[in-house]
Amino acid sequence: MKHLSIRPGLLTGSVDVPPSKSIAHRAIIAAALADGYSLVENFIVSRDMEATIEGMRRLGATIKINDEGESLEISGGSKIKSPIEIDCIESGSTLRFLIPIALVKNREAIFKGQGRLVERPLSEYLKIFESQGIEFSLPGNRLPLSVKGSLKSGEFKVNGGVSSQFITGLLFALPLLHGNSRILIEGELESRGYVDLTIDVLKDFGIEIRNKAYKEFFIQGDQIYRSRSFRIEGDYSQAAFWLAAGVLGNGIRLNGLNIHSLQGDRVIADILRAMGGDIISGDDWIEAKPSVLKGIRIDVSQCPDLVPVLAVLGTYAEGVTTIENGARARLKESDRLHAIAAGLNKLGGDVTETIEGLTVHGARELRGGVVDSFNDHRIAMALAVAASGARGEVIISESESVKKSYPRFWDDFSKLGGLVYER
């Protein structure tokens, strides 16, 4: 369990943003469902990616990672034997995306996981299993999950406030079934941007989905995934940490971002501007300049992964920042509302948890101290940004958690002038 020490020092410079983890999951799965050869470029290996790659291999795909780990060669269509066992490690996307696919590709599968993933809710799928007569076992509502049966086309009612990952999983699987299907959304659909990403990637691989105002999705059956070459764009979820560090530090330019991206976390640029941040951009880059920030009210229902870094921004802003509609942040790799509040408060911040959000009293001067990342990559990265402006040394526990999504984070942090030392 590695601890890192960060000494005060504002960040500045330029950094190449890593490829989008969300898009990478989707591209790997779509390519693996296609007959023939696909090339997926601008890729980096992380623990979540390893989980999805190995999961799709278990479901019949051939996937080769090139020597530099920057591209994938994928061929689908291989036969598989039943039962299969898929270890999703700590990746919620892998788990929820692959369950419906397994029920199309196979008749019996076991899904395992680690850490908090074993208790992440699967209620939306369990309702489908019961209605379609699919055998399943989930003792104590914790992984491992065993499923046996075949998914059938038809009408699927999904709660829009739990996780968009259930919708994405169905969108991957339903086009392969004989007969048309409809997904009906109950309540308001949160994290719409992730569903937009799914539909966009599916279209690139030859699958058509009809989105009826995010209330209903129509999926024609007997569709065929088409192999292709696909390049993954830069990740706004990871870029958010550097944009925050740029406005709080001495300015950072981020390369490799699509300013027209469908990624929901692209809203970080708009949020920063609303807080008074000086943000400029070109076709494939964004620059955050040193800025004096003011607290605002932020609805994170469509961007829950931004909660940790927004709390850091609120701590350094003038006035009060209110983060609302973020209850789903409690169901991630950690309870992120609690984790980031605890970390910032230990450094001298003033963050109060509500049931579904945070109230952050800003203009705080953070001190040094020892903080817990809760083995959560986004908490570790957010606390690193906070530590760069603190008055004393900050020690972050379980710093290797960044390998889940951004293995070179600490290298990039150092490249930008961050003073990082192993403990």
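This one's a predicted model, so the numbers in the text were calculated from it and none came from an experiment.
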Apply side-chain contact (heavy atoms from CB on, under 4.5 Å) to I134 and list each qualifying residue two or more places apart in sequence or on a separate chain. L103, F129, Q132, L151

Applying ring pair (Phe, Tyr, Trp, His ring centres under 6.0 Å) to Y225 and not counting sequence neighbours gives none

Partners of S301 by side-chain contact (heavy atoms from CB on, under 4.5 Å), sequence neighbours excluded? E190, D299, N325

Got a sec, which pairs hit side chain to side chain donor-acceptor pair (under 3.5 Å) with one end in residues 279-298, sequence neighbours left out? R297-E324

Which pairs pass ring-ring contact (aromatic ring centres under 6.0 Å, His included) with one or both residues in residues 151-171, sequence neighbours excluded? Y125-F166

Using the side-chain contact (heavy atoms from CB on, under 4.5 Å) criterion, which residues pair with A384? Sequence neighbours excluded. I6, I396, F409, W410, F413

Let me confirm one number: the CD1-CZ distance from I395 to R7, rounded to the nearest 0.5 Å. 10.0 Å

Residues two or more places apart in sequence or in another chain: which of them pass side-chain contact (heavy atoms from CB on, under 4.5 Å) with R231? E41, N42

Here the salt bridge (charged side-chain N to carboxylate O under 4.0 Å, His left out) pairs for residues 115-129, sequence neighbours left out, are R116-E119, E119-R142, E124-K127

Report yes or no: does Q114 contribute a side-chain atom to a donor-acceptor pair with the main-chain N or O of I89 at less than 3.5 Å? no

F111: which residues meet the ring pair (Phe, Tyr, Trp, His ring centres under 6.0 Å) condition with it, sequence neighbours left out? none

Results of side chain to side chain donor-acceptor pair (under 3.5 Å) for T168 - residues two or more places apart only: T198

Taking salt bridge (charged side-chain N to carboxylate O under 4.0 Å, His left out) as the definition, give me every residue that meets it alongside R210, ordered by chain and number, with sequence neighbours left out. none

Salt bridge (charged side-chain N to carboxylate O under 4.0 Å, His left out) filter on E85, not counting sequence neighbours, yields K112

